[in-house]
Amino acid sequence: MRIRFWIGIGAACAVWGAPGWAQPAAHESLNPEAASGYVARQAVTAQRYMVATANPLATEAGYRMLRAGGSAVDAAIAAQLVLGLTEPQSSGLGGGAFMVHYAARDGRMRVYDARESAPAAARADRFMRDGKPLPFKQAVNSGMSVGTPGLLRGLELAHAQQGKLAWRTLFQPAIELAIQGFEVSPRLHAMLAESRDELLAQPAAARYFLGPDGRPWPVGHVLKNPDYAAVLRRVADKGASAFYHGDIAQDIVAAVRAHATPGDLSVADLAAYRARTREPVCGLYRGYRLCGPPPPSSGPLAVLQMLGILEHFPMAKLGPRSVQAVHYFAEAGRLAFADRGFYVADPEFVRVPVEAMLDPAYLARRAALIHPDRALGTALPGDPAGLLALRGHGNALEVPSTSHIAAVDGQGNVLSMTSSIESAFGSKIFVRGFLLNNELTDFSLSAQDPEGRPVANRVQANKRPRSSMAPMIVLRDGKPYIAVGSPGGSAIINYVAKTLVGVLDWKLDIQQAIALPNMGSRNQATEVERGTALQDMLPALQGMGHETRAVDFPSGIQGIVIDQGRLVGGADPRREGLVMGD
Ligand code: GLU
């Protein structure tokens, strides 16, 4: 089995099926492994540096950089370039990312926003036909869903400010693997099987991802991607401009325009794309300071609202096995999602009242809406800044794919980065060995609500679609304590909030907190992870008036805790992640 390669390379690492998973007895019945069949793990510890990603080969690439004295950003770039090859369904050159970085040299947090943007030609009715939103899949699988990729510009910017190793060095692991080939993993195979029909409709994708018989490559098949290696070589030598100008950019545009439902991306859009640095959005929870990217992501803002509301309830005392804790968590989610739907969009285009949404007095008023033994039903948005009457509710759908990387280097720099091409295999448009995103379906498909009020997250030219990605860094006494994040579309917000409550309130180690069953409300039904002990709570929740659903919640949470000079890492047992460090 492929994983054998990973054993005995001298680093601390957790592998699939590692024995001796230590879960405290008090939380045993919440071990989601029991019913859902994935293998639980033990937290990984190290002293100096660590990287956690969703794929063992990507983690190994990041680890190589750290061992060579590279920074957290160097490790994440090397890992990301491998993810684009070995976990192509989730993220890659054709997509975008959000990063939050803590620099040990000045104690500052910085955000790198490499989110895709709408083409200059984009109009508000992009996803409407005859006055109605397009069926979601039709919108996803089209040239119209493709935004200007942001990833490489973002990595280049982060490297210019935080890199230590030479840019071209970071490309070596991915180039080697693309040439030599890598084994198709069980998860990639399963995702290929699920998306087979959609991939078949795109000849370039079908040629690479499916065998000559049109079936997904089996687990263990060695897949080579010389086209991807060639693109990486060009970018390694010439920088991200080799991607954003010239024949690679022209091929991207041609592929988008050749689709049966053509898009309007242009070479001018690629040439004009800029990644942005932003001030992080931060908030306090029980004395810890938590930071992440601000809008256009709604993720950290919503997590901070949830925690700001939960601060009014005794989560630590209730513990993870209490119905009451699930109730409060779901109600806090409901309230945060109600605000998110109304207020959050690209701040270059709409005023997002971030400060007012995080004002402790406002969050106290929101918390006061929660009844201890009765569900709210659907929460209405609050009015923290007098904007309520001016905004309408949108209808963006987010389908989980995406990937999260956490890295800490030997100098104490910390990076938390979530990277995405949106849906599994993005738009399915495959060009030069990588997939193009469908991130523009993160916009509200309609521009107005039924009352005719404009939706903040409507499509506009050059605008970045609202995201849920929530890469976060938590500080304790001003020093980095946790780096965490996850894929999962809008469920990311609940995955990350759950993990933070698990560590900060329930004092679980990061691996245990990641493994806790997923739960919460996105202001519709109260959802619990299918096949976990939380399902037994459904009758009690229904008794409190919760409409409930048991659902698959395949989070992909990766996290690192820095505790008294020791690094403790966890990777989500629901996916194929790996943590390595020394
Ligand atoms: N496109 C989504 C977002 O930006 C992420 C999708 C996912 O996590 O699968 O929030």
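Remember, it's 1-based here, ligands and their atoms both numbered in the order they're listed. Remember, predicted model here, so these are calculated numbers, not experimental data. Worth knowing before you read on, the calculation uses all heavy atoms, side chains too, and leaves out hydrogens, waters and symmetry mates.
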Does the side chain of Arg340 come under 3.5 Å of the side chain of Ser298 through a donor N or O and an acceptor N or O? yes
State which residue, out of Phe243, Phe425, Tyr208, Phe209, fulfils the ring-ring contact (aromatic ring centres under 6.0 Å, His included) condition with Phe434. Phe243
Where ligand 1 meets Pro487 - atom numbers and elements under 4.0 angstrom, heavy-atom basis: 8 (O)
Pair Arg115 + Asp346, salt bridge at N-O below 4.0 Å: no
Which bit of Arg466 gets closer than 4.0 Å to ligand 1, counting heavy atoms only: side chain, backbone, both or neither? neither
Side chains of Thr526 and Arg334: donor-acceptor distance under 3.5 Å anywhere? yes
For Glu439, the atoms of ligand 1 under 4.0 Å from one of its heavy atoms are 1 (N), 2 (C), 4 (O)
For the atom pair SG (Cys282) and CE (Met109), what is the distance rounded to the nearest 0.5 Å? 5.5 Å
With heavy atoms only and a cut-off of under 4.0 Å, state how Ile492 meets ligand 1: side chain, backbone, both or neither. side chain
Below 4.0 angstrom from a heavy atom of Ser468, which ligand 1 atoms are there? Numbered from 1 as shown, please. 3 (C), 4 (O), 10 (O)
What atoms in ligand 1 come closer than 4.0 Å to a heavy atom of Gly489? 6 (C), 7 (C), 8 (O), 9 (O)
